[in-house]
Amino acid sequence: MFFLVLCLAVLNQLGLCLNISIPLVAPPAAVLVSSSLFSFSIEQDRWSAWAGSTARNQFLFNTLDNLGQLTGTPPRIRIGANSEDHTKFNSAIKKTQLIFPPPSSTVPYPEATNITVGDAFYQATQFLPPNTLITWGLNLGQFNLTTAFLEAKSIVKAFSSSAIRNAGIVLDAIEIGNEADLYPNNGARPRSYNIAQFVKEWTVFATNISAAMGISSGSTTKFWGCAFAGSSHSTSGFSPQSAFKQGLLKSKPGSFISTISQHHYSGTFCSGNGGLLQDLMTKSTIRGNLTAFIPDIVAARAQGLDYVLGETNSYSCHGAPGVSNTAGAALWTLDYVLTQIGISRVHFHQGIGFKYNHIQPATLTRSILDGSDLSSPLPPHVQPAYYGAIIVAEAIGRSGSTRVAELSINNNQVSGYGFYEGNKLVRAVFINSSAFLSSTTGSRSSVHLGFGFTGGGTAPTKITVKRLAIRHADDVSGLTWGGQSYETADGRRSGSVSVQTGSVAAGVDIAATEAVSIDLGLYTIHQSTPRGPQEHVRTTSRELKGSAILPRPRTSSMNLRIDSFTFRIAATDLQSTVKRYTSRFGSRSDGLTLLFAHCVGSHKEQWEPTIEQIFRLQQRKDQRDRIREAWAFDWQSHGDAAVINARVLNSRKDAVSPVEWALALESFVKSHLRGHRIVALGHSAGTGAIMLSMKNFPVYKPPYIAVFLVEPTILSQDLFDAHAKEREDSANMTMKLTLTRRDSWPSKGAAAAYLRKRLPWKSWDSRVFDIYVNHGLRTIPTPDGEVVGLKANKRQEGMAYPQFAPYIESVVLFRERCMVIPFHIIFGEKIDFM
């Protein structure tokens with residue numbers, strides 16, 4: 001009622017009121033987004049100008065680092081595009097040699113048509129922000145396998161250098177060829193060239209490249225597939241579906257494809273026809289441009305592949321003047337990136353002097369609009385669209401667990417998105433895409449937004465509003481975000497932050513051509529503290545084959561990178577959560593991979609003191625016996641997995657069995673650790689899961705090279721039968737105690753105080769106890785506020801105890817395999833429970 005009265009009061013002044021319903025808890029449609037959702041694609045010919053040839057391009061570094069500080073992860077960089085297929089390699093070349101066609105009014109800064117590079121070209125990757133993930137493009141267009149091979153070997157040489165390794169910069173993927181579907185049109189192939197011929201060519205090149213670069217099922221580096229300019233969205237013509245039909249994934253190198261890349265532009269300026277700024281900005285146009293790719297995304301995901309827009313922007317052929325380079329493009333960028341249809345990352349294409357750039361990293365001497373000479377050189381600068389990138393990064397934040405849901409707004413120009421850390425609402429972003437131009441007559445329109453909240457939890461009463469200030473949609477400078485400008489000589493922000501605070505009941509006014517971010521004050525927003533390059537610690541969260549992410553990344557007390565993932569196996573509605581631990585100083589690809597499984601009532605993080613100690617000791621080992629990476633796995637009913645599986649677990653009458661856990665481990669090993677030298681370590685119930693995960697592998701070809709069983713619960717049928725009643729009574733008593741114990745407290749401090757006084761927690765090492773409190777508990781909304789409770793459902797935990805059959809079967813598996821691989825069995829000095 002209050003909103004209705006308020007809306008009527010402002011309606012005469014503002015012209016429109018919208019009441020927007022915002023869920024307090026992430027709705028099912030909320031999508032877990034990557035910290036590098038906003039990423040870049042760089043035209044390959046002028047790479048040295050972007051990164052720097054003999055020294056870092058500090059302007060580029062700063063503008064990329066701005067984004068990385070907001071999300072905790074630098075934007076990913078793909079280097080390739082049209083000039084990818086015009087690049088040749090000569091080891092004697094010290095400085096890149098470029099031949100350009102003449103500039104024109106339509107394309108003032110054309111790509112080079114002949115590029116010759118040497119080792120220094122790829123070595124320039126060292127100048128990027130630490131921990132950047134890179135995709136490099138190789139030449140397929142000229143159909144010269146020697147060229148691609150030499151480029152590949154030079155890339156390997158660069159990424160093996162200490163400068164790149166010490167910076168934590170990683171070769172994430174290789175792309176072979178750019179927009180092969182256009183080869184018949186640009187003269188690279190005959191007019192009859194088709195998808196079958198492309199797949200055949202790609203397979204030949206990829207076979208040789210994978211051998212040259214060591215790309216395998218177990219390597220960090222994988223392939224991007226397709227990289228087409230368009231798509232038929234069917235099993236004919238050029239499309240992911242058609243490539244799959246032709247056997248792209250069935251070859252050995254095809255199995256190393258991790259990602260399908262699609263190129264897409266919202267319009268074209270190739271013939272010089274101008275675009276309309278309002279058309280670019282309009283909500284329906286943005287969604288219509290993207291939803292056509294849903295069949296392709298579904299097909300890629302069905303193959304277990306990631307899907308990215310590997311090259312995209314507003315108008316092809318470098319952008320449309322008065323559109324791509326304007327403030328309106330900032331709002332388009334924001335809405336375009338946040339429209340969630342299953343695209344993991346959006347790589348915005350950039351080139352020196354391109355009109356649609358977010359960043360102009362080099363001094364320009366010609367106008368980007370028509371190619372005319374400038375009266376004075378224009379130094380490096382950001383363009384308006386960069387502000388869209390900043391807002392996206394800030395909205396995603398550093399939690400590593402951010403979900404985004406588009407809010408239902410019945411208006412053609414206003415869009416809104418809710419941002420959830422884990423499942424909790426933290427902020428919202430709204431965009432008014434109505435174009436207020438410098439030529440617009442009359443007053444600037446505005447919309448009043450009123451807010452209502454749905455779902456469990458306490459609704460906010462106060463809000464903090466941050467605004468993207470734009471004078472006109474066709475302005476090319478003068479924007480500020482929260483009162484701060486990025487239009488500075490070094491690309492760093494300047495000015496004091498300016499926000500407005502108010503009550504939720506009063507709502508927010510949003511003008512035409514404006515975006516606002518609303519902090520709802522419900523939870524802490526994590527701010528970043530800039531680190532020096534040598535102090536930078538990588539912590540990321542990513543998807544595994546399209547799954548959603550729950551856990552928050554953490555830094556280790558050692559120099560460890562900790563990545564959080566979720567993993568879903570086929571034909572199940574449960575997900576498992578997993579963390580990967582790697583040394584920031586790198587490791588050998590043939591080193592050991594450790595796989596950890598915890599006990600009943602525990603969670604994956606409780607292995608961390610052990611993991612840190614093992615990494616600490618590895619420096620004394622031979623290189624081949626040092627650790628490549630360690631993985632700690634949650635049982636589907638425990639830890640973070642219990643949170644994301646809550647709905648499913650609450651509807652189940654039975655407990656998640658060790659068999660189901662084992663199947664998740666088995667599937668994970670087969671799909672993600674193929675070719676690794678794995679040592680498996682299980683504790684208590686986790687020993688059963690480790691043993692059962694070997695069941696479907698041949699006895700003489702187990703997935704592990706060694707197994708450690710800590711306080712194993714496995715036992716033979718004869719031993720169980722001899723003490724059946726005793727064991728059943730003991731397990732049932734443990735189940736009863738678990739089901740009746742306290743599982744909620746008013747605060748985490750109260751929970752810690754309660755647990756510290758009781759068994760088994762009071763006997764634990766303080767490090768393990770602190771980890772249990774920090775990672776085993778969660779905040780639970782109630783009608784009266786919030787309480788702190790266990791992540792693991794005590795019903796599921798209790799019912800897990802009287803399960804004997806899986807552990808009896810584990811003994812059979814042990815007997816069959818103990819002569820094939822070494823087993824190390826550890827029992828504690830103190831017998832707590834047998």
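Being a predicted model, the structure only gives us computed values, none of them experimental.
Counted by atom type alone, S446 and D509 present zero donor-acceptor pairs between their side chains at under 3.5 Å. For T577 and D640, the side-chain atoms include no donor-acceptor pair closer than 3.5 Å. At a cut-off of 3.5 Å, with distance as the only test, a side-chain donor of Q500 or R467 sits close to an acceptor on the other residue. Between the side chains of S434 and R444, not a single donor N or O lies within less than 3.5 Å of an accepting N or O. Side-chain contact of D296 with S231: a donor-acceptor pair under 3.5 Å is present, judged by distance alone. Inspection of the T71 and T73 side chains reveals no N or O donor paired with an N or O acceptor under 3.5 Å. Of the N and O atoms on the side chains of H264 and Q262, not one donor lies less than 3.5 Å from an acceptor on the other residue. Using a 3.5 Å distance cut-off with no hydrogens or angles, the side chains of R76 and S39 do not pair a donor with an acceptor. Between the side chains of S314 and S324, at least one donor N or O lies within less than 3.5 Å of an accepting N or O. If you check the side chains of S284 and T282, you find no donor sitting under 3.5 Å from an acceptor.
With a 4.5 Å cut-off on side-chain heavy atoms, V465 and V499 do not count as touching. The shortest side-chain heavy-atom distance between S261 and H263 falls under the 4.5 Å cut-off. Within the 4.5 Å cutoff, the side chain of Q360 has heavy atoms near those of the N357 side chain. In this structure the side chain of L334 never reaches within 4.5 angstrom of the side chain of Y387, judged on heavy atoms. For the pair S41 and N313, the minimum side-chain heavy-atom distance is 4.5 Å or more. Considering only heavy atoms from C-beta on, V337 comes within 4.5 Å of F348 through its side chain. The shortest side-chain heavy-atom distance between F419 and S517 does not fall under the 4.5 Å cut-off. The side-chain heavy atoms of L479 and Q383, taken from C-beta on, include no pair separated by under 4.5 Å.
With hydrogens and angles ignored, the 3.5 Å screen pairs a side-chain donor or acceptor of Q484 with a backbone N or O of G495. At distances below 3.5 Å, not a single donor-acceptor pair connects side-chain atoms of R403 with backbone N or O atoms of K424. Remark: the backbone N or O of G322 is paired with a side-chain donor or acceptor of N325 at under 3.5 angstrom. A donor-acceptor contact shorter than 3.5 Å links the side chain of N66 to the backbone of G491. Between the side chain of Q350 and the backbone N or O of I359, at least one donor-acceptor pair lies under 3.5 Å. The main-chain N or O of T63 is found under 3.5 Å from a side-chain atom of Y386 such that the two form a donor-acceptor pair. Under a 3.5 Å cut-off, the side chain of E394 and the backbone N or O of A389 do not form any donor-acceptor pair. Without hydrogens or angle criteria, D634 side chain to H603 main chain gives no donor-acceptor distance under 3.5 Å. Without hydrogens or angle criteria, N62 side chain to D490 main chain gives a donor-acceptor distance under 3.5 Å. The closest donor-acceptor contact from the side chain of T312 to the backbone of L309 lies at 3.5 Å or more, if one exists at all.
A tilted orientation is assigned to the rings of F354 and H349, their planes being inclined by 30° to 60°.
Here F38 and H358 bring their ring centres to under 6.0 angstrom of each other. Ring to ring, Y265 and Y315 are not that close: their centroids are 6.0 angstrom or more apart.
Paired with T513 under the rule side chain to side chain contact (heavy atoms under 4.5 Å, CB included), one option of D475, I431, N432, L331 passes, and it is L331. With L449 as the fixed residue, the side chain to side chain contact (heavy atoms under 4.5 Å, CB included) test singles out one of N19, L18, L16: L18. Of the candidates T259, I260, I341, I260 is the only one forming a side chain to side chain contact (heavy atoms under 4.5 Å, CB included) with Y307. Remark: of the listed residues I20, V504, T458, V504 is the sole one forming a side chain to side chain contact (heavy atoms under 4.5 Å, CB included) with F453.
Screening residues 326-349 for salt bridge (Lys or Arg N to Asp or Glu O under 4.0 Å), with sequence neighbours left out, gives R287-D335, D306-R345.
Summarising the geometry, atom OG1 belonging to T135 is positioned 5.0 Å from atom CG belonging to D172; distances are rounded to the nearest 0.5 Å. Rounding to the nearest 0.5 Å places OG1 of T333 at 12.0 Å from CD1 of I390. Between the OG atom of S438 and the CG atom of D474 there is a distance of 3.5 Å, given to the nearest 0.5 Å. One distance of note links CZ of F40 with CZ of R78; it measures 14.0 Å at 0.5 Å rounding.
Salt bridge D65/R492: present, at least one basic N to carboxylate O contact under 4.0 Å. Using a cut-off of 4.0 Å between Lys/Arg side-chain N and Asp/Glu carboxylate O, D519 and K466 are scored as not salt-bridged. Using a cut-off of 4.0 Å between Lys/Arg side-chain N and Asp/Glu carboxylate O, E421 and R427 are scored as salt-bridged.
Within 6.0 Å of atom CG in D279, more than 12 heavy atoms from other residues, nucleotides or ligands are found, so the atom counts as buried in its surroundings. The local environment of CG in N410 is sparse, with at most 12 non-hydrogen atoms from other residues, nucleotides or ligands closer than 6.0 Å.
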Worked check of side chain to side chain donor-acceptor pair (under 3.5 Å) between R493 and T480: CA-CA 10 Å; R493 65 173 179 260; T480 59; over 6 Å; no

Begin from the C-alpha positions of V516 and V429 and carry the test side chain to side chain contact (heavy atoms under 4.5 Å, CB included) through to its verdict. CA-CA 6 Å; V516 299; V429 169; over 6 Å; no

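Checked against side chain to side chain contact (heavy atoms under 4.5 Å, CB included), S477 has the following partners two or more places apart in sequence or in another chain: E487.
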